[in-house]
Amino acid sequence: MALRTGLLLGLLLALAAPASSSEFAGLDAASEPLSTLVQTARKLRTGRLAAAESAAPGESPISYAAVCRGDGDALAAEREGRLKAGLQAIEPALRIRFAVIASKHGLPVMEGKDYLASTLTSITYTYPHSSAKAKAALADFAEAIEEAVLARVRAPDYARIKAALIARIESKTTLSSEDKAKLVHRVQVTEMALPSRYIREYLTTTDELWPVVPQLFADQAWNASYDDLGGAAVPELTPDMSLIILYPGFLLAEDRGDGSSHLDYVLAHETAHSIDSGRFPGLYKDFIGCMKTAHGADFKAWDEVLADYWAAEALSGLPNAGAAELGKSFEIVCGTSGEGADSLLGHLVSAEHPSGRYRIDRILGGNAELLRSLGVSAPPASCGL
């Protein structure tokens, strides 16, 4: 899929948006060493599970009905509203930045309400065959957008997500030491970047650049694999590397007005694609068989189910304010359809993901470790590794 996560609600270039630093400025460098974070994640989870042992068992506090407040249409509208409001707020400053960048790269002066979108589009006809000049201009615009967005919304601490996921992998007694080492390594070499870095370091032709132009303001994130990033054409890459590309529009759509956002689930899901069933096809046969038996549904894209499974595992080791806070991060899948054979899910269309209802009720809300971390007994039918 163009977006591995399918987390694209997709506003086109109707409004202009933020740019940022070439990536989450020194995100990993500013964080604690990963080994320290893994130890912290283990201790935190141990403490939370100890507290949960005395909690009374009950129904899952994470359900589609509770998270989505109906069919999810209202949440989708709220999300789109946050994105539009964010774009409108940063547009005045971006107009000034865009004018400077356009002059620097010899692009035409644009006017009107679609100034930002039309300025970006001007790259395509000013440098239709010069990938180097087009790339330099597009990367500068992307960086300006990212900086404007990060002035409103704090960059997520990605290192803690990786640490929590690694801690959960290492806790699995059913995995061999060899398998654990392979999974942990894949997570360790997964990095996160904003589009400006993606453009500068991995895109080499105009055919690769032009699809990015309308995406700079998009509400999306995805896990780009070795082949997605250019493969052998990029000497710095190794076949086990992945890059999570987080578009600035996603940060704006997640902005709840306090400078923070609820990105833990999305980032955990995207990171988990580095270790999903598409990359380790033989590792998850028992889990997939259990899910088929328990829920009567089969999918083409079991990698999406596995990404949600590992995301739930990682979230079980992170601090949160409870099911309500977790629910905010799950809202992104409300109202989404998918493929499946479960009659309870209603009319489904072929897609790369299971439906939002299946994902919340069956995968996220049915994960034994996540439920225990919330003080709820795991259901007998929980599937795991």
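Please read all numbers here as calculations on a predicted model, not as lab measurements.
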Taking the side chain as every heavy atom from C-beta outward, state whether [X] and [Y] have any atom pair closer than 4.5 Å.
| X | Y | answer |
| --- | --- | --- |
| V333 | D308 | no |
| M291 | Y284 | no |
| W310 | D276 | no |
| E78 | L75 | yes |
| F287 | T174 | no |

For [X], which residues count as a side-chain contact (heavy atoms from CB on, under 4.5 Å) partner, sequence neighbours excluded?
| X | value |
| --- | --- |
| K328 | R256, H262, E325, E331 |
| T205 | D207, E208 |
| A268 | I161, A311, A314 |
| S103 | none |

Checklist entry - Between D298 and K292, is there a salt bridge with N-O shorter than 4.0 Å? => result yes
Item to check | Criterion side chain to side chain contact (heavy atoms under 4.5 Å, CB included) on L246 and L194, from CA distance to verdict | outcome: CA-CA 5 Å; L246 188 62; L194 291 179; 4.2 Å; yes
Checklist entry - If you look only at pairs with a residue in residues 183-257, which of them pass as a disulfide bond (SG atoms under 2.5 Å apart), with sequence neighbours excluded? => result none
Next on the checklist: Does anything in residues 147-246 form a disulfide bond (SG atoms under 2.5 Å apart)? List the pairs, not counting sequence neighbours.
Outcome noted: none
Next on the checklist: Is it true that R359 and T336 share a donor-acceptor pair across their side chains at a distance under 3.5 Å?
Outcome noted: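 Per modelled atom types, T336 and R359 side chains form no pair under 3.5 Å.
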Checklist entry - Are Y158 and T271 linked by a side-chain donor-acceptor pair shorter than 3.5 Å? => result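 On atom types as modelled, these side chains qualify, holding a pair under 3.5 Å.
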Next on the checklist: Could you walk me through whether K182 and D240 satisfy the salt bridge (charged side-chain N to carboxylate O under 4.0 Å, His left out) test, starting with their C-alpha distance in whole Å, then the side-chain angles of each, then the deciding distance to 0.1 Å, before giving a yes or no?
Outcome noted: CA-CA 10 Å; K182 290 178 181 178; D240 51 6; over 6 Å; no
Item to check | Pi-cation contact, F250 with R79 (under 6.0 Å, within 45°) | outcome: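 Because its charged atom sits under 6.0 Å from the ring centre and within 45° of the axis, R79 does stack over F250.
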Checklist entry - Out of R97, R200, K135, which residue meets the salt bridge (charged side-chain N to carboxylate O under 4.0 Å, His left out) rule with D140? => result R200
